[in-house]
Number of protein chains: 2
Amino acid sequence: MADINLRPDPSRADAPANGNAAEEPVWDIIELIFFAYRDFVGDPDGVLAAFGFGRAHHRVLHFVNRNPGLKVAELLEILRITKQSLGRVLKQLVDEGYVEQREGVTDRRQRLLFVTPKGAALAMRLACLQTKRIARAFSEIGPEAHAEARRFLVAMINPEARGDVLDFINHGGRPRWPRP
Amino acid sequence: MADINLRPDPSRADAPANGNAAEEPVWDIIELIFFAYRDFVGDPDGVLAAFGFGRAHHRVLHFVNRNPGLKVAELLEILRITKQSLGRVLKQLVDEGYVEQREGVTDRRQRLLFVTPKGAALAMRLACLQTKRIARAFSEIGPEAHAEARRFLVAMINPEARGDVLDFINHGGRPRWPRP
DNA sequence: AAATTTATGTCAGCCATGTTGACATATCTG
DNA sequence: CAGATATGTCAACATGGCTGACATAAATTT
């Protein structure tokens, strides 16, 4: 009787406690992230395909919509892709009238990004689609769901990046990624 | 004073309550899923690159490791890709000795999938990497973290698919995706 | 003013990983 | 035996990453 603790099933080895060695993988969360993400990003695919767009366009449109006046360099840092990759999808969004570029007022080298009304409508449509899934999940869980999900997701982000990410998602419509 | 309720900030319009129309997008969760997933799947990339593999190889290796004797058709259904796409990465994993294929005992058309010891070691290494991130997140949140995260992720999965997914992640090492 | 740095764009080509369509083979089932 | 099933394969194409090289305009530094 030397080992009395609260492990109902020793095979599950939960509560790593030391948090360093990661002795037994947390299989359920690893796999649930795969399945949940697969369904979550799958929602917009049909709509995007009808517009001739893919997930890359969705990401660009989303962040420009949420951050009017975003600089190209900031968007590159968010998406962590190269300017060549971004250029391809951005050009299509601009050519087809979903995104606009305007010269920066203080720095005329900059091409600040804005969604057009058409772009805003598509971005909103896609966000609402994804929100339906989130809202259904929250309603199944209860009133704490939003706060719990947010805590979990924030904790999964690289600690050094969290400050910037939290500033960003709380921006309230004003652009400020690395600094104004 | 006709509207007394607990909304600290009316611009946030949280708690959709009806759960049908998805009137205002849940921006924070949508974006946090993007950032959290980006960091989560980024962890294994370095290790994979050192082996000449990519994320597609990781997914195959992971599910074969977790499901010894998995049938090709079952793996296709999990990953939701075509057999041609799977064939390409699976062939490399087999050729390089990470995965083995054995004839089914009852049905000799089947090529049941198993990881080799080498494959198991790599799969475990990658899972432990991802587990470190999860364990860190859990330790920041508290003892309820695992249960909360699991509830949220399950609730985000398509309701029709949940039964199969839950059976799958609880399989305990015995393969049974659609049916035995 | 000239030189340099910065913000952005562009061309060309490669790679990983998804797709469709057609077809081959072995094996199981009725 | 006839047909359905499990798997593999060839060929071609699409998307969205990547690198490297180079161009332009505007800001900044010297």
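Computed from a predicted structure; not experimentally measured. Excluded from the calculations below are hydrogen atoms, water molecules and symmetry mates; all remaining heavy atoms, backbone and side chain alike, are included. Below, chain A is the first sequence line, B the second, and so on; all start at residue 1.
Nearest-nucleotide assignment on DNA chain D puts the 5′-proximal partner with Thr82(A), out of Thr106(A) and Thr82(A).
For the pair Leu86(B) CG and dG18(C) P, the interatomic distance rounds to 9 Å; values are reported in whole Å. Atom CZ of Arg88(A) and atom C1' of dC11(C) are 12 Å apart (whole Å). Going from atom NZ of Lys71(B) over to atom P of dT5(D) covers 12 Å, rounded to whole Å. The NZ-P distance, from Lys83(A) to dG20(D), rounds to 13 Å in whole Å. Across the protein-nucleic acid pair, Glu103(A) atom CD and dA26(D) atom P stand 7 Å apart, rounded to whole Å. For the pair Leu75(A) CG and dG9(C) C1', the computed distance is 15 Å after rounding to whole Å. In this structure, the NE2 atom of His58(B) is 13 Å from the P atom of dT17(C), given to the nearest Å. Atom P of nucleotide dT17(C) and atom CZ of Arg80(B) are separated by 20 Å, given to the nearest angstrom.
A heavy-atom distance below 4.5 Å is not found between the side chains of Lys83(B) and Val72(B). Contact annotation: the side chain of Arg55(A) approaches that of Val41(A) to within less than 4.5 Å [non-hydrogen atoms, C-beta and beyond]. The shortest side-chain heavy-atom distance between Val26(B) and Gln130(A) does not fall under the 4.5 Å cut-off.
Sorted by residue number, the members of residues 40-55 of chain A with any non-hydrogen atom under 4.0 Å from DNA chain D read Gly54(A), Arg55(A).
Here Gln101(B) lies in heavy-atom contact (under 4.0 Å) with sugar-phosphate atoms only. Lys91(A) comes within 4.0 angstrom of no nucleic acid atom, judged by non-hydrogen atoms across all strands.
A donor atom on one side chain and an acceptor atom on the other are found under 3.5 Å apart for His146(B) and Asp28(A).
The base of dG13(C) does not come close enough to the side chain of Gln84(A) for any donor and acceptor atom to sit less than 3.5 Å apart. Scanning atom types as modelled, no donor and acceptor separated by under 3.5 angstrom connect the side chain of Arg111(A) and the base of dT8(C).
Below 30°, between 30° and 60°, or above 60°: for Phe152(A) and Phe138(B) the angle between ring planes is between 30° and 60°, a tilted geometry. Below 30°, between 30° and 60°, or above 60°: for Phe35(A) and Phe168(B) the angle between ring planes is above 60°, a perpendicular geometry. Ring-plane geometry between Tyr98(B) and Phe51(B) is classed as perpendicular, the angle between the planes exceeding 60 degrees on a 0 to 90 degree scale with a lower cut at 30.
Side-chain nitrogen and oxygen atoms of His57(B) include none within less than 4.0 Å of the OP1 or OP2 phosphate oxygen of dA16(C). Considering only side-chain N and O atoms, Arg109(A) lies nowhere under 4.0 angstrom from the phosphate OP1 or OP2 of dA23(D). In this structure, Ser85(B) does not reach the dT17(C) phosphate: none of its side-chain N or O atoms is under 4.0 Å from OP1 or OP2.
Ranking dA27(D), dA22(C), dG18(C) by closeness to the Arg108(A) side chain, first place goes to dA27(D).
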